[in-house]
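All residue numbers in this chain count up from 1 along the given sequence.
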Amino acid sequence: MNFSKTLAVASISAAAILICGCGKKNPPAVAAPASMPETAGQPAPAAKPAAPQANQAPGATLTQPDGAVDMPELQRTVIRWVVSNRRRPNSFEDFAATAGVPIPPPPAGKKYILTRDLHVQLVNR
């Protein structure tokens, strides 16, 4: 097979993949059950919990049970921030001010910085 035929086959294959997509289908929406008349003996439904911030994963917290900063989760929060904002933060302070999640204070005598490759580090003040 010569180069032009190989290129044509590759182009057609790529076009077919793009046109067909991955084939993943969204599940059909589940219909809500018909509302039943409220009876006096039933308690009112509980309020839904607040939705997580856009830049924070559901259930994610930036502190560990012992009160220490969860640095891997803080790092993931920075990456989510970069993806959603489509830019690099100018500094850690820029990220913290616009993150939409409470950033735990650094340990005494330390401060957070972002390295050039967007890794969060604790350094001495």
Novice: Transitively linked via ILVMFWY side-chain contacts under 4.5 Å: L122 with F92?
Specialist: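 Yes, because L122 and F92 connect within a single hydrophobic cluster, where side-chain heavy atoms sit under 4.5 Å apart.
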Novice: So, taking the atom named CH2 in W81 and the one named CZ in R86, what distance separates them when rounded to the nearest 0.5 Å?
Specialist: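 Here the rounded value is 13.0 Å.
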Novice: Testing the basics here: between P104 and Y112, what is the closest heavy-atom pair and its distance to 0.1 Å?
Specialist: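 Shortest heavy-atom contact: O-OH, 2.9 Å.
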Novice: Among residues at least two apart in sequence or on other chains, which ones pass side-chain hydrogen bond (donor to acceptor under 3.5 Å, both in side chains) with Q121?
Specialist: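 side-chain hydrogen bond (donor to acceptor under 3.5 Å, both in side chains) list for Q121, sorted by chain: empty.
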Novice: How close do P89 and D94 get, counting heavy atoms only, and between which atoms?
Specialist: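 Scanning both residues, the minimum pair turns out to be CA-OD2, 3.4 Å.
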Novice: Out of L74, L118, V120, which residue meets the side-chain contact (heavy atoms from CB on, under 4.5 Å) rule with F95?
Specialist: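 The passing option is L74.
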Novice: Locate the shortest heavy-atom distance separating P105 from V69; write the atom from each residue and the value.
Specialist: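 Distance-wise, the nearest heavy atoms are O-CG2, 4.0 Å.
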Novice: Do K110 and N124 have side-chain heavy atoms sitting under 4.5 Å apart?
Specialist: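 Yes; the side chains approach each other to less than 4.5 Å.
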Novice: Taking only residues two or more places apart in sequence or in another chain, which ones pass side-chain hydrogen bond (donor to acceptor under 3.5 Å, both in side chains) with K111?
Specialist: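 Checked K111 against side-chain hydrogen bond (donor to acceptor under 3.5 Å, both in side chains); zero matches.
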Novice: Could you state the interatomic distance from CD (Q75) to CZ (R80), rounded to the nearest 0.5 Å?
Specialist: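 With rounding to 0.5 Å, CD (Q75) is 10.5 Å from CZ (R80).
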Novice: Determine whether L114 and S91 make a side-chain contact, defined as any pair of heavy atoms from C-beta on separated by less than 4.5 Å.
Specialist: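 Of all side-chain heavy-atom pairs linking S91 with L114, none is under 4.5 Å.
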Novice: What are the two closest non-hydrogen atoms of D117 and R88, and how far apart are they?
Specialist: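 Smallest heavy-atom distance, with atoms named: N-NH2, 4.5 Å.
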Novice: Nearest 0.5 Å please: distance from the CD1 atom of I113 over to the CD atom of E93.
Specialist: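 Nearest 0.5 Å value for the CD1-CD distance: 10.0 Å.
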